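The structure appears right after this line, and notes come after that.
These figures come from a predicted structure and were not determined experimentally. Numbering starts at 1 and runs along the sequence shown.
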Amino acid sequence: MAGPAINRPPTPAPASGGMAGKLAVVLLVILSALVYQHIQPPPPTICGSPNGPPVTAPRTKLKDGRHLAYKESGVPKGEAKYKIIYVHGFDSCRHDALPISPEVAQELGIHLVSFDRPGYGESDPNLARTEKSIALDIEELADNLKLGPKFHLIGFSMGGEIMWSCLKYIPHRLLGVAILGPVGNYWWSGFPANVTRDAWYQQLPQDQWAVWVSHHLPWLTYWWNTQKLFPPSSVITYNPAILSEEDAALMRKFGMRTYFPMIRQQGEYHSLHRDMIVGFGKWDWSPLDLKDPFAGGEGKVHLWHGAEDLIVPAILSRYISERLPWVVYHELPKSGHLFPVDSGNADAIVKSLLLGDDLVSSWHTHCTSPPCS
């Protein structure tokens, strides 16, 4: 005799192709959301905000509400014959101004202003930063500090690249410019393929990748330089392999900066990574197309580079100086990237800018185009 019937749940029907597709879409959305969260940079820790770093430097407020922190040195502004704004390089700040000796500053009557570029030190980040915006920031800084209608500029490394933007966007405010070991953008129009290729392969492979990501996949720059799967930028990690013999000696001084933690305190993305995105980004113009801003002879553009620079290859600077005959080129045969850190070099650079090369010819490592051999 058959037992009582047992009620069993119905066997689920095989998933239809439509259901499987929907499930795959859901999983893809979830995975994409997780990846998106992982590659997004954290918001900046703005100085002076609740739980943010304190404001310790004098700052000036720009028209858009951002603040720039700055530092003044040399002779008092009211007594100065020359007013110079210095633009610092990558992973640096206002304290890394060109080390002009007090004697030279006093002798020539130099008032020097250095400032934290947006996102560095105590200057507010600029979430809309471009190669143009920093030039306009510099112009507004000069106006707020009442430096007069015209002033001199000196920029080093990434700050050197910014000098080209100043020559394009605010040439009417400039009396002269010194460009020191400038970063070059490998995608600027006007470079022959062999020049960019030779410069490109002077970089370590990990730096080729970091620069490539900054240009082609800027949204991935934060993740690329913070993940642990691949080596990030060797400049960010201070890899000794990119130091020339002279740079290794100078790094003992440059690398011992007691204020180093302050440089990145608002976040690496809003300082270092934004620098890379803008510096190696897609510009709609090229310095190679610039015209002489001092065609009337009232000023000069000086371009300095160390022949042994392993961080920023000198090849691009050499070619720019060949294409722009109004640029006075100085190549230092035994120097690397950090030559401006030496106070003797700094004095020669500023004297060349303010007085002309004929008055500083006694400096034995100095030369003008063509490059020293």
Side-chain angles (χ1 to χ4, degrees), residues 40-74 76-78 80 83-98 111-163 165-166 169-170 173-174 221-222 257-279 281:
Q40 284 300 295
T45 309
I46 298 177
C47 292
S49 65
N51 301 318
V55 174
T56 64
R59 304 202 303 175
T60 185
K61 189 173 183 179
L62 305 180
K63 294 174 183 176
D64 64 3
R66 290 181 295 115
H67 296 84
L68 291 182
Y70 64 92
K71 179 179 181 179
E72 297 176 281
S73 58
K77 181 168 51 183
K83 300 181 181 75
I84 302 174
I85 296 179
Y86 180 81
V87 185
H88 68 74
F90 190 76
D91 207 6
S92 301
C93 69
R94 66 187 183 277
H95 297 304
D96 295 310
L98 192 70
H111 182 76
L112 182 67
V113 175
S114 55
F115 69 101
D116 293 337
R117 291 196 284 108
Y120 281 105
E122 297 181 25
S123 286
D124 295 335
N126 182 359
L127 304 183
R129 176 151 54 122
T130 66
E131 84 282 354
K132 180 178 181 179
S133 67
I134 184 62
L136 302 182
D137 284 354
I138 290 170
E139 181 178 34
E140 195 169 349
L141 173 68
D143 289 339
N144 289 0
L145 297 185
K146 303 186 185 308
L147 298 185
K150 292 192 175 188
F151 47 88
H152 288 84
L153 275 180
I154 301 176
F156 170 48
S157 193
M158 195 65 81
E161 184 188 56
I162 289 169
M163 297 299 95
S165 293
C166 294
Y169 293 112
I170 59 168
R173 302 300 305 272
L174 307 178
T221 302
Y222 167 76
R257 296 170 292 173
T258 57
Y259 49 83
F260 180 78
M262 182 270 294
I263 293 173
R264 306 182 184 185
Q265 66 184 351
Q266 299 188 82
E268 290 190 12
Y269 175 77
H270 297 282
S271 51
L272 308 182
H273 304 158
R274 286 295 300 170
D275 247 6
M276 297 177 69
I277 291 170
V278 174

How many angstroms lie between [atom1] in [X] and [atom2] in [Y], if you round to the nearest 0.5 Å?
X    : Y    : atom1 : atom2 : value
I170 : E139 : CD1   : CD    : 5.5 Å
L141 : L136 : CG    : CG    : 12.5 Å
I162 : E131 : CD1   : CD    : 10.5 Å
D116 : M262 : CG    : CE    : 5.5 Å
S123 : L62  : OG    : CG    : 8.5 Å
I277 : T221 : CD1   : OG1   : 4.0 Å

For [X] and [Y], test the side chains for any donor-to-acceptor distance below 3.5 angstrom and give the result as yes or no.
X    : Y    : result
K71  : H95  : yes
Y120 : D96  : no
Q266 : S271 : no

Donor-acceptor check, side chain of [X] to backbone of [Y], threshold 3.5 angstrom: yes or no?
X    : Y    : result
S92  : F90  : yes
S114 : R94  : yes
Q265 : G121 : yes
K77  : L145 : yes
R117 : C93  : no
E72  : H111 : no
N144 : K61  : yes
T130 : K132 : yes

Report yes if the side chains of [X] and [Y] come closer than 4.5 Å at any heavy-atom pair, otherwise no.
X    : Y    : answer
L112 : Y86  : yes
D91  : R264 : yes
E140 : T60  : no
V87  : F115 : yes
C47  : P53  : yes
L127 : H270 : yes
I84  : V113 : no

List the atom pairs, with distances to 0.1 Å, where a side-chain N or O of residues 63-70 and a protein N or O form a donor-acceptor pair under 3.5 Å, not counting sequence neighbours.
from: D64; atom 1: OD1; to: R66; atom 2: N; distance (Å): 3.0
from: D64; atom 1: OD1; to: R66; atom 2: NE; distance (Å): 3.4
from: D64; atom 1: OD2; to: R66; atom 2: NE; distance (Å): 2.8
from: D64; atom 1: OD2; to: R66; atom 2: NH2; distance (Å): 3.2
from: R66; atom 1: NH1; to: D137; atom 2: OD2; distance (Å): 3.3
from: R66; atom 1: NH2; to: D137; atom 2: OD1; distance (Å): 2.8
from: R66; atom 1: NH2; to: D137; atom 2: OD2; distance (Å): 3.3
from: H67; atom 1: ND1; to: D124; atom 2: OD2; distance (Å): 3.0

Query raised in the report: Do any pairs count as a salt bridge (Lys or Arg N to Asp or Glu O under 4.0 Å) and have a residue in residues 141-159, sequence neighbours left out, and if so which ones?
Result: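 Residue pairs passing salt bridge (Lys or Arg N to Asp or Glu O under 4.0 Å), neighbours aside: D143-R173.
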Requested in this report: Of all the heavy-atom pairs spanning C166 and I138, show the shortest one and how long it is.
Outcome: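 What the structure gives for the nearest pair is SG-CD1, 3.7 Å.
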Report task. For H273, enumerate each residue passing the ring pair (Phe, Tyr, Trp, His ring centres under 6.0 Å) test, keeping only those at least two apart in sequence or located in another chain. Result ->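 H273: ring pair (Phe, Tyr, Trp, His ring centres under 6.0 Å) contacts with Y222.
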